Amino acid sequence: MHKKIFSGVQPTGNLHLGNYLGAIKNFVNLQNDPNNNCIYCVVDLHAITVKQNPNELKKNIRETTAAFIASGLDYKKSIIFNQSLVSAHSEGSWIFSCVARMGWLNRMTQFKEKAGKDKEKASVGLYIYPILMAADILLYDATHVPVGEDQKQHLELSRDIANKFNLDFNSPDFLIAPEPLIQKNFARIMSLKDGMKKMSKSDPSELSRINLNDSSDQISNKIKKAKTDIKPLPDNEKELSGRPEAENLLGIYSSLSDQTLDKTIIEFSGKNFSEFKQKLASLVVEKIAPISYEINKLLKDVKFLDKVLNDGSEKANQIAQKKIENMKKIVGF
Ligand code: TYM
């Protein structure tokens, strides 16, 4: 089947191994299937839902673009652009704000996590951010959206918005309810310091994550310091229960070596963590160091990165503009 793929990544600082294994690696695989049309977006409008330093934001937009390309995305095969250059995203988001219900947004667990205890002080943008995400997807008639597990609930909201819009405005099939593409295994990479918390850019501890632009020494050091438990590595998957750190590290190893968790468990069964960590560190360095090298090389060519984004935005605009014009007609404007 011909798939229309859309996904986005926030330019809020360094991308990490969770973004890579949960999302970007999959973006590249999907792009390399000639049956797919892929659009990948640096979602800078999403980034300002929390405070950003304007000078840093520009740098981060380029850095995320560089990370896309360094990981294997090809601007000749996929549309790569940044959200703020295509105004239809903001316009669509407003219309969908009037379709979505408060009750739907109140259920979003990520808002609760991100806003924390002091939700009165969170920006309104942070609260309605899943609506902007729905606009991103629905403007391009995306059929499939590759994301990590943490975005699943937002995708369901996009489906609800599409269905309600079609129903409210008596326009069956105008908006397409997208399917999530979530990897069966390793869709949630956890913090290296706490196996119960997801690896995240907002974790204050640098040791909790491996950034795509870390040096080989930084990677090895972070793996060496990763939290483990006192038991040797298990003989089977069942024995991983209640051992989230061991499960996460074995999962990272499996995902990076494209093998099943079972196979990794057999490879390291009964071994101690120090031996496993050495192997894991070499594997992460082998896979991530070339990406890191390429990111740093690309960042020196700001003109090239800006051209990729400008060209991509032109193409994205052509698609999104048509859709928003039709949407406005349907709404009665
Ligand atoms: P963001 O920028 O937080 O994350 C980008 C992608 O990385 C995945 N991810 C992870 N996967 C596995 N383990 C982790 N620890 C981990 N951390 C992050 C995320 O699931 C995501 O796929 N709202 C989105 C961006 C967005 C978007 C969209 C996505 C905006 N519009 C439209 C798809 C379609 C976000 O904040 O992702």
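When reading the values below, keep in mind they use all heavy atoms of this one structure, side chains included, and skip hydrogens, waters and symmetry mates. If you're wondering where the values come from, they're calculated on a predicted model, not measured in any experiment.
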Hey, is [atom1] on [X] packed in by over 12 heavy atoms from elsewhere, all under 6.0 Å?
X: K225; atom1: NZ; value: no
X: K277; atom1: NZ; value: yes
X: L207; atom1: CG; value: yes

List the residues meeting side chain to side chain contact (heavy atoms under 4.5 Å, CB included) with K114, not counting sequence neighbours, and say none if there are none. Q10, Q110, L126, Y129
Residue pair [X] / [Y]: nearest heavy atoms and the distance that separates them:
X: I161; Y: A134; value: CD1-CB, 3.8 Å
X: E63; Y: N213; value: OE2-ND2, 3.0 Å
X: M199; Y: S208; value: CE-O, 3.7 Å
X: S71; Y: I24; value: CB-CG2, 3.6 Å
X: R243; Y: P234; value: NH1-CD, 3.8 Å
X: A122; Y: A115; value: CB-CB, 3.9 Å

Under 4.0 Å between a Lys/Arg side-chain N and an Asp/Glu carboxylate O for [X] and [Y]?
X: K323; Y: D141; answer: yes
X: K3; Y: E179; answer: no
X: D150; Y: K198; answer: yes
X: K231; Y: E239; answer: no
X: D306; Y: R62; answer: yes

Contacts of [X] that satisfy side-chain hydrogen bond (donor to acceptor under 3.5 Å, both in side chains) - sequence neighbours left out:
X: S292; value: none
X: K271; value: none
X: H46; value: Q83

Find the distance between [atom1] ([X]) and [atom2] ([Y]) and round it off to the nearest 0.5 Å.
X: L21; Y: H16; atom1: CG; atom2: NE2; answer: 10.5 Å
X: S255; Y: K287; atom1: OG; atom2: NZ; answer: 10.0 Å
X: T260; Y: E237; atom1: OG1; atom2: CD; answer: 8.5 Å
X: S274; Y: K224; atom1: OG; atom2: NZ; answer: 10.5 Å
X: D74; Y: N32; atom1: CG; atom2: CG; answer: 8.0 Å
X: K77; Y: Y40; atom1: NZ; atom2: OH; answer: 11.0 Å

Walk me through it: do I252 and I210 pass the test side chain to side chain contact (heavy atoms under 4.5 Å, CB included)? CA-CA 11 Å; I252 291 173; I210 288 168; over 6 Å; no
Taking it one step at a time, do F27 and Y20 satisfy ring-ring contact (aromatic ring centres under 6.0 Å, His included)? CA-CA 9 Å; F27 295 179; Y20 180 69; 10.0 Å; no
Main-chain N/O of [Y] paired to [X] side chain as donor or acceptor, under 3.5 Å:
X: N163; Y: R159; result: yes
X: S282; Y: Q278; result: yes
X: N36; Y: L30; result: yes
X: N82; Y: S84; result: no
X: E245; Y: G195; result: yes
X: S313; Y: L309; result: yes

Does a donor on one side chain and an acceptor on the other come within less than 3.5 Å for N35 and H2? no
Could you check whether S78 and Q31, counting side-chain N and O atoms only, form a donor-acceptor pair closer than 3.5 Å? yes
As a test of understanding, state which of L139, L132, D136 forms a side-chain contact (heavy atoms from CB on, under 4.5 Å) with S93. L132
Only one of K201, E206, Q218 clears side-chain hydrogen bond (donor to acceptor under 3.5 Å, both in side chains) with N211; which? E206
Under 6.0 Å between the ring centres of F81 and H89? yes
Find out whether [X] and [Y] are in side-chain contact, i.e. whether some heavy atom of one side chain is under 4.5 Å from a heavy atom of the other.
X: V9; Y: V42; answer: no
X: V28; Y: K25; answer: no
X: S123; Y: T49; answer: yes

Applying salt bridge (charged side-chain N to carboxylate O under 4.0 Å, His left out), run through D203 and R209 and close with a yes or a no. CA-CA 8 Å; D203 194 315; R209 64 183 160 264; 5.1 Å; no
Which atom pairs, donor and acceptor, lie under 3.5 Å between side-chain atoms of residues 164-175 and protein residues at least two apart or in another chain?
unit_1	atom_1	unit_2	atom_2	d
K164	NZ	D168	OD2	2.7
N166	OD1	L175	N	3.0
N166	ND2	A162	O	3.4
N166	ND2	L175	O	2.9

Single-linkage hydrophobic cluster, 4.5 Å side-chain cutoff, [X] and [Y] together:
X: L157; Y: L45; value: no
X: M102; Y: I131; value: yes
X: L261; Y: F268; value: yes
X: F276; Y: I288; value: yes
X: Y140; Y: I79; value: yes

Evaluation steps, side chain to side chain contact (heavy atoms under 4.5 Å, CB included), between I176 and I137: CA-CA 9 Å; I176 292 172; I137 298 165; over 6 Å; no
Mind running side chain to side chain contact (heavy atoms under 4.5 Å, CB included) on E91 and K328 for me, showing each step along the way? CA-CA 9 Å; E91 292 181 72; K328 285 178 172 174; 2.7 Å; yes
Does the side chain to side chain contact (heavy atoms under 4.5 Å, CB included) test come out yes or no for N106 and Y127, once each step is laid out? CA-CA 8 Å; N106 287 339; Y127 178 64; 2.6 Å; yes
Does Q259 form a side-chain hydrogen bond (donor to acceptor under 3.5 Å, both in side chains) with T264? I'd like the steps, not just the answer. CA-CA 7 Å; Q259 69 182 24; T264 306; 2.9 Å; yes
Quick one: ring-ring contact (aromatic ring centres under 6.0 Å, His included) pairs with a partner in residues 220-246, sequence neighbours left out? none
